[in-house]
Protein chains: 2
Amino acid sequence: MYTMNLKELAAHLGLSQTTVSRALNGYPEVSEQTRRRVSAAAEQHNYRPNTRAKGLATGRSMAIGHVLPMSSSHEMVNPVFGDFIAGAGETYARNGYDMVISLVEDGDQERAYRDLRAKGTVDGIIVHGPKSTDHRIAQLSDLGLPFVVHGRVSSENAPYSWVDVNNRRAFHRATSFLTDLGHTRIALLNGLESMDFAARRRAGYEAGLTDAGLPLDLDLCRSEEMTEQFGYDAANTLMDMPDPATAFLVSSIISAVGVRRAVQERGLALGRDISVITHDDELSYLQNGSDIPQFTATRSSVRYAGAQAAQLLLDKIRNPLSAPMNKLLEAQLVLGQSTGPAAK
Amino acid sequence: MYTMNLKELAAHLGLSQTTVSRALNGYPEVSEQTRRRVSAAAEQHNYRPNTRAKGLATGRSMAIGHVLPMSSSHEMVNPVFGDFIAGAGETYARNGYDMVISLVEDGDQERAYRDLRAKGTVDGIIVHGPKSTDHRIAQLSDLGLPFVVHGRVSSENAPYSWVDVNNRRAFHRATSFLTDLGHTRIALLNGLESMDFAARRRAGYEAGLTDAGLPLDLDLCRSEEMTEQFGYDAANTLMDMPDPATAFLVSSIISAVGVRRAVQERGLALGRDISVITHDDELSYLQNGSDIPQFTATRSSVRYAGAQAAQLLLDKIRNPLSAPMNKLLEAQLVLGQSTGPAAK
DNA sequence: TGCCGCATCCAAAGCGCTTTGAAGTGATTC
DNA sequence: GAATCACTTCAAAGCGCTTTGGATGCGGCA
């Protein structure tokens with residue numbers, strides 16, 4: 001299919017490129033009449049300005065980069081990512097931005113950011129999977145490339161933009177809820193605790209135990225990639241202990257599904273024999289029940305977080321001198337069918 | 001951080017832009033000595049050619065577009081997408097390509113492709129979620145933009161490039177496996193049957209029934225977005241029928257998890273009271289057991305499919321005149337713990 | 001009549017790169 | 001010594017757009 005460019009369109013209209021460009025970009029120094037004529041012709045010939053040429057001229061790429069760390073050992077794309085970009089993508093689309101995804105190995109992170117910056121591929125980036133100690137923040141600040149972090153970095157005390165869930169409070173509340181129900185053997189099935197979010201959840205969990213005067217038992221704490229299999233295996237191990245867990249606090253609904261499998265396989269019932277609270281990102285394909293939530297959960301839409309992060313980033317790009325902005329989302333504690341009083 | 005451009009680098013070296021450009025791009029008409037000198041300087045100053053400028057000059061964008069249809073009713077990003085792009089992304093990275101994602105509403109599809117083409121954002125695209133009847137193929141062929149389909153389009157008889165799983169055969173075999181075990185009430189929990197892959201699975205299922213001389217009972221066939229909740233609800237309904245299903249053939253491990261939940265909630269056991277076979281895309285976060293597969297399954301790595309599709313597309317871009325290429329992946333039928341002989 | 005201001009429009013430069021066509025330099029050949 | 005050649009290097013054009021700094025024409029005003 002043939003595609004017209006500005007020069008040809010201008011020639012076709014008997015106008016200069018300048019005028020056509022201005023007409024299409026809504027500049028005032030062009031009469032309403034010609035603007036309409038230009039618009040009509042552009043529409044008819046299906047003219048779209050070439051992104052690269054436009055970008056070269058304006059110095060902006062109208063694209064946002066998402067950098068996903070993948071440790072070379074287990075190259076997984078977290079399922080919450082899908083819903084996150086669904087939210088972000090909608091915001092981008094509304095504002096005429098494209099979304100480019102980079103899957104980067106842990107070692108190459110630094111280079112990846114430099115490249116993105118030097119090559120000018122994107123106008124800003126969203127940082128995924130921040131760790132408790134993460135040099136990327138400092139590095140990105142140096143680079144002068146606008147960015148927003150999905151999550152936070154505890155080690156970083158200079159200000160930067162982020163969108164995060166109040167993970168600590170969520171898990172604190174969840175733990176307290178379980179201790180109030182009389183549970184004393186509460187297991188924590190957490191994500192990798194090098195990840196910032198997981199460390200915060202851990203802290204919330206510990207605070208909850210402390211509130212109830214319960215000791216921290218490291219045997220009850222597991223920390224791994226949050227797969228279904230992890231939930232299953234960990235639950236089995238923990239229920240087989242001499243002094244077994246009676247409640248599980250789980251970092252992802254995916255692992256919670258694994259816990260449920262282990263529980264049900266033993267002929268036990270969730271909410272009666274074993275209590276489970278999970279964090280629920282409101283994944284579209286793995287919803288927590290329809291009417292009554294299946295799991296009691298700390299709920300926070302990751303899709304919404306994506307939309308928010310995208311918006312913050314676009315604002316930052318529009319106004320580069322603005323101070324870093326933060327958004328702390330509170331998770332709801334929703335009551336489901338997976339929790340109940342501890343057996344006597 | 002300061003970034004150098006070609007002009008400055010050339011000036012710094014006391015060479016022309018031509019020579020520097022050629023040195024860096026490996027052209028022969030430059031002496032080894034100067035090439036080394038140039039490379040060293042480029043490395044030292046962290047020079048990366050600007051993507052947009054390079055693209056403008058070469059006419060290529062070094063980016064691949066992934067277009068995800070999202071019906072406006074339920075805007076879901078399929079979880080298999082994550083693993084697919086993990087596979088594709090690796091191939092792109094190795095070849096210096098970027099990956100840009102477009103989330104497009106069903107109505108805007110046509111326009112989205114025109115735009116992508118006219119704006120020159122990408123050199124080729126991967127088409128996701130093809131339907132049995134899908135005009136996008138014809139349209140893309142018209143556009144002259146290289147593309148590869150993840151899946152196929154039954155309505156299309158002109159050749160085009162695709163990567164697909166042999167869904168029909170996989171579900172045929174799975175059905176036969178169940179009938180061989182003596183099951184006569186086999187339910188099909190399928191994806192939306194407007195989707196091509198789902199239609200093919202349906203056909204395989206029907207062929208399997210026919211082979212065994214079993215009638216097609218439409219009450220046993222469900223077709224929806226493949227969520228966990230769908231599996232749960234459908235399983236409950238089908239087990240409550242007067243002449244209930246004793247086996248389930250499920251299109252996604254996510255829905256299979258829902259089926260399992262329904263089964264276990266009733267105190268029934270998978271593989272003994274109820275048989276389940278699911279399709280298993282080998283999702284990294286939802287693996288089908290570790291040593292012994294939990295579910296008997298038709299298995300095919302969607303991550304691998306992503307890598308293959310990407311490779312086909314890059315080949316096509318490199319050699320635009322080549323004939324369309326296809327890759328039909330055979331699913332393995334792996335035996336797990338979720339199937340057993342029908343109860344007498 | 002002459003001048004100014006306003007509303008429109010335009011030519012040309014520039015964004016950072018690749019690539020064409022040509023030129024400079026020795027070394028080699030007759 | 002001139003002509004040829006291979007090897008390096010370069011100046012400049014061009015990719016498709018935006019934007020600067022004029023031009024042009026017209027009515028209004030003194």
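Labels below follow one simple rule: chain letters A, B, ... track the order of the sequence lines, proteins then strands, and each chain is numbered from 1.
- Between the CG atom of B:Leu13 and the C1' atom of D:dC10 there is a distance of 15 Å, given to the nearest Å.
- Looking at which nucleotide of DNA chain D each of B:Thr58 and B:Arg35 is closest to, the 5′-most match is held by B:Arg35.
- Each of D:dT8, D:dG16, C:dC17 was ranked by its minimum atom distance to the side chain of B:Ala53; first place goes to C:dC17.
- The CG atom of A:Leu6 sits 14 Å away from the C1' atom of C:dA12 (whole-angstrom rounding).
- Looking at heavy-atom distances under 4.0 Å, A:Thr18 makes contact with a base.
- Taking every heavy atom of both residues into account, A:Gln109 and A:Val67 meet most closely at OE1-CG1, 4.1 Å.
- Rounded to whole angstrom, the span from the CD atom of A:Glu29 across to the C1' atom of D:dT18 amounts to 12 Å.
- Take the nearest nucleotide of DNA chain D for A:Ala57 and for B:Gly14: the residue whose nucleotide is more 5' is B:Gly14.
- A:Arg22 comes within contact range of at least one nucleobase, with a heavy-atom separation under 4.0 Å.
- Counting to the nearest Å, the P atom of D:dG16 and the CG atom of A:Asn25 are 17 Å from each other.
- Picking from D:dT9, C:dC10, D:dT18 the nucleotide with the shortest atom distance to the side chain of B:Thr34 gives D:dT9.
- Toward the 5' end of DNA chain C, the nearer of the two residues A:Val30 and B:Arg52, judged by each one's closest nucleotide, is A:Val30.
- Closest approach to the A:Leu15 side chain among C:dC10, D:dT18, D:dC10 is made by C:dC10 (side chain taken as heavy atoms from C-beta onward).
- Residue A:Leu329 comes nearest to A:Ala305 through the heavy atom pair CD1-CB, 3.9 Å, listed as atom of the first residue, atom of the second, then distance.
- Here the P atom of nucleotide C:dC6 and the CD atom of A:Glu32 are 20 Å apart, to the nearest Å.
- When rounded to the nearest whole Å, the span between CZ of A:Arg60 and C1' of D:dT19 equals 15 Å.
- For A:Thr19, no side-chain nitrogen or oxygen approaches OP1 or OP2 of C:dC9 to under 4.0 Å.
- Listed nucleotides C:dT18, C:dC9, D:dT8 differ in distance to B:Ser21; the shortest reach to its side chain belongs to C:dT18.
- Between B:Lys54 atom NZ and D:dG16 atom P the separation is 18 Å, expressed in whole Å.
- The nucleotide whose nearest atom lies closest to any side-chain atom of B:Asn5 is, among C:dT18, D:dT18, C:dG16, C:dG16.
- Between D:dC7 and B:Tyr27, no contact under 4.0 Å exists linking OP1 or OP2 to a side-chain N or O.
- Minimum interatomic distance between A:Pro69 and A:Gly129 (heavy atoms only, all atoms of both residues): CG-O, 4.3 Å.
- Of all the heavy atoms in A:Ser61 and A:Thr121, the pair that sits closest is OG-O, 3.1 Å.
- The shortest heavy-atom contact between A:Ala41 and A:Leu9 is CB-CD1, 4.1 Å.
- For the pair A:Leu56 CG and C:dA13 P, the computed distance is 17 Å after rounding to whole Å.
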